[in-house]
Structures are given as C-alpha cells and as structure tokens.
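Being a predicted model, the structure only gives us computed values, none of them experimental.
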Amino acid sequence: MSVVFVPKRQRGKEQINQETIQRLLDENDQLVRCITEYLQKGRATECVQYQQILHRNIVYLGTIADASTEILPETQTSDDTAN
C-alpha cells in the first residue's frame, strides 16, 4: 500500500521530510517498472491499479511541492542576478 494512504487517525502525525519524499520517489520508480513490465507482457488491465497508485503519489508530491514553494521565501538564483 502506498505511503500516502495512511489511516485517518495517523494523518498529520508524520512530518513531510526528505525521507518521506524519497520513499515516495522510490515507490514511484518501482511502480513504473511494474507498469512497464505488465504492458510489455500485454497485461494492460493488470497494471491499472499500479497506474492509479502512481497517479495518487505524483499528485501528492505535486501538492507538497506547491506547498513548499508557498512557505519558502523567494531567493534570487545566479541566473537572475546575471541578467
């Protein structure tokens, strides 16, 4: 089961940190490999559940990314200062 889907009683207790994000990225890597393998074997219907989990993970990671950009102050990069 995906790390994203924790029971309601535990939601909000785990802080989003680099380890959590890395676990999701590793899980996504494995999901992509499974999906690819099933598709190569012509078993597309069996990869649908993995595609759904992958989609949820990606949406969750996107939500984290959006939230983190709202929290962090804008900083100039070396590209911005060169112009």
Asker: Would Val32 and Leu39 show up in the same hydrophobic cluster when neighbours are defined by side-chain heavy atoms closer than 4.5 Å?
Answerer: yes
Asker: Would you say that Leu25 contacts Asn57 through its side chain, given a criterion of any heavy-atom pair below 4.5 Å between the two side chains?
Answerer: no
Asker: Using distance alone, with no hydrogens and no angle criterion, decide if Thr20 and Asn17 have a side-chain donor and acceptor under 3.5 Å apart.
Answerer: yes
Asker: Sequence neighbours left out, cut at 3.5 Å: what donor-acceptor pairs do the side chains of residues 44-53 make with other protein atoms?
Answerer:
{"from": "Glu46", "atom 1": "OE1", "to": "Arg43", "atom 2": "NE", "distance (Å)": "2.4"}
{"from": "Glu46", "atom 1": "OE1", "to": "Arg43", "atom 2": "NH2", "distance (Å)": "3.3"}

Asker: Of all residues at least two apart in sequence or in a different chain, which pass the side-chain contact (heavy atoms from CB on, under 4.5 Å) check with Gln18?
Answerer: Gln22
Asker: I'd like to know whether Glu27 forms a salt bridge (Lys or Arg N to Asp or Glu O under 4.0 Å) with Arg23, so could you lay out the CA-CA distance, the side-chain angles of the two residues, the decisive distance to 0.1 Å, and finally the verdict.
Answerer: CA-CA 6 Å; Glu27 181 178 358; Arg23 275 197 325 242; over 6 Å; no
Asker: Does Asp29 have any salt bridge (charged side-chain N to carboxylate O under 4.0 Å, His left out) partners at least two apart in sequence or in another chain, and if so, which?
Answerer: Arg33
Asker: Does Ile58 form a side-chain contact (heavy atoms from CB on, under 4.5 Å) with Leu24? I'd like the steps, not just the answer.
Answerer: CA-CA 9 Å; Ile58 291 171; Leu24 280 168; over 6 Å; no
